[in-house]
Amino acid sequence: MEKIDSGNPEFDKVLVELARIHRAKNHDYSHPETGDFYSNFRECKKLGIPPYKGILVRMGDKWNRIQNMAIKVSAVKSETIMDSLYDLANYAILCSLLLP
């Protein structure tokens, strides 16, 4: 992977962490035979929903979770606000890649 150098070391650390999370989730969610990174998002097509819109729904769910955690810190025990923010950032990137 190319070294990241945005000029802001803290920002670079976040980008590296986003890539690590994305890699791990690709392993879990990509199609096992084809390796399609977007196979879980393409499932929306079966319902007539473009994959990018499916991701927007997931982003809305994630944002609601972040708001709930901000109001009531113990609302979600299995995930931190930071975890959710990183997921939201990765969803935004994936959505941009699946836009028509």
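Residue numbers run from 1 in the order of the sequence given.
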Asker: When rounded to the nearest 0.5 angstrom, what distance separates CG in Asn40 from OH in Tyr29?
Answerer: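 Result: 7.0 Å between the selected atoms.
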Asker: Any pair with a residue in residues 86-100 that passes side-chain hydrogen bond (donor to acceptor under 3.5 Å, both in side chains), sequence neighbours left out, goes on the list, sorted by first then second residue, please.
Answerer: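 Pairs touching residues 86-100 that pass the test: Lys25-Asp87, Lys62-Asp87.
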Asker: Any chance you could measure Arg42, atom CZ, to Leu98, atom CG, to the nearest 0.5 Å?
Answerer: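 So the CZ of Arg42 and the CG of Leu98 are separated by 6.0 Å.
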Asker: For Asn64, enumerate each residue passing the side chain to side chain contact (heavy atoms under 4.5 Å, CB included) test, keeping only those at least two apart in sequence or located in another chain.
Answerer: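 Expected list: Gln67.
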Asker: When rounded to the nearest 0.5 angstrom, what is the spacing between CD1 in Ile55 and SG in Cys44?
Answerer: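 The SG atom of Cys44 is 8.0 Å from CD1 of Ile55, to the nearest 0.5 Å.
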Asker: To the closest 0.5 Å, what do you measure between CH2 (Trp63) and CG (Leu56)?
Answerer: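 Going from the CH2 atom of Trp63 to the CG atom of Leu56 covers 15.0 Å.
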Asker: Give me the atom names and distance for the closest heavy-atom approach of Ile66 to Ser84.
Answerer: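 Nearest heavy atoms, Ile66 then Ser84: CG1-CB, 3.5 Å.
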Asker: Side-chain atoms of residues 13-21: list all donor-acceptor pairs with protein atoms under 3.5 Å, sequence neighbours left out, distances to 0.1 Å.
Answerer:
residue, atom, partner, partner atom, Å
Glu17, OE1, Arg20, NE, 3.0
Glu17, OE2, Arg20, NE, 3.3
Glu17, OE2, Arg20, NH2, 2.7

Asker: Can you measure from CG (Leu97) to OH (Tyr52) and round to the nearest 0.5 angstrom?
Answerer: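 It comes to 14.5 Å.
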Asker: Can you sort out the partners of Asn8 under side chain to side chain contact (heavy atoms under 4.5 Å, CB included), two or more places apart, ordered by chain and number?
Answerer: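 Per chain and number, Asn8 pairs via side chain to side chain contact (heavy atoms under 4.5 Å, CB included) with Ser6, Glu10, Phe11.
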Asker: In the hydrophobic clustering that connects Ile, Leu, Val, Met, Phe, Trp and Tyr at side-chain heavy-atom distances below 4.5 Å, which members other than Ile49 occupy its cluster, ordered by chain and number?
Answerer: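 Members besides Ile49, by chain and number: Leu47.
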Asker: Report the distance from atom CG of Asn26 to atom CG of Asp36, rounding to the nearest 0.5 Å.
Answerer: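 Asn26 CG to Asp36 CG: 9.5 Å, rounded to 0.5 Å.
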Asker: At their closest point, which heavy atom of Gly7 faces which heavy atom of Pro9, and how far apart are they?
Answerer: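 In this case the closest contact between Gly7 and Pro9 is O-CD, 3.8 Å.
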Asker: Just jot down the side chain to side chain contact (heavy atoms under 4.5 Å, CB included) partners of Asp61, sequence neighbours excluded, or say none.
Answerer: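 Once residues adjacent in sequence are excluded, the partners of Asp61 under the side chain to side chain contact (heavy atoms under 4.5 Å, CB included) criterion are Val57.
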Asker: Taking His31's backbone N and O only, do any of them form a donor-acceptor pair with Ser39's side chain (distance below 3.5 Å, no angle check)?
Answerer: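 Confirmed, Ser39 side chain pairs with His31 backbone.
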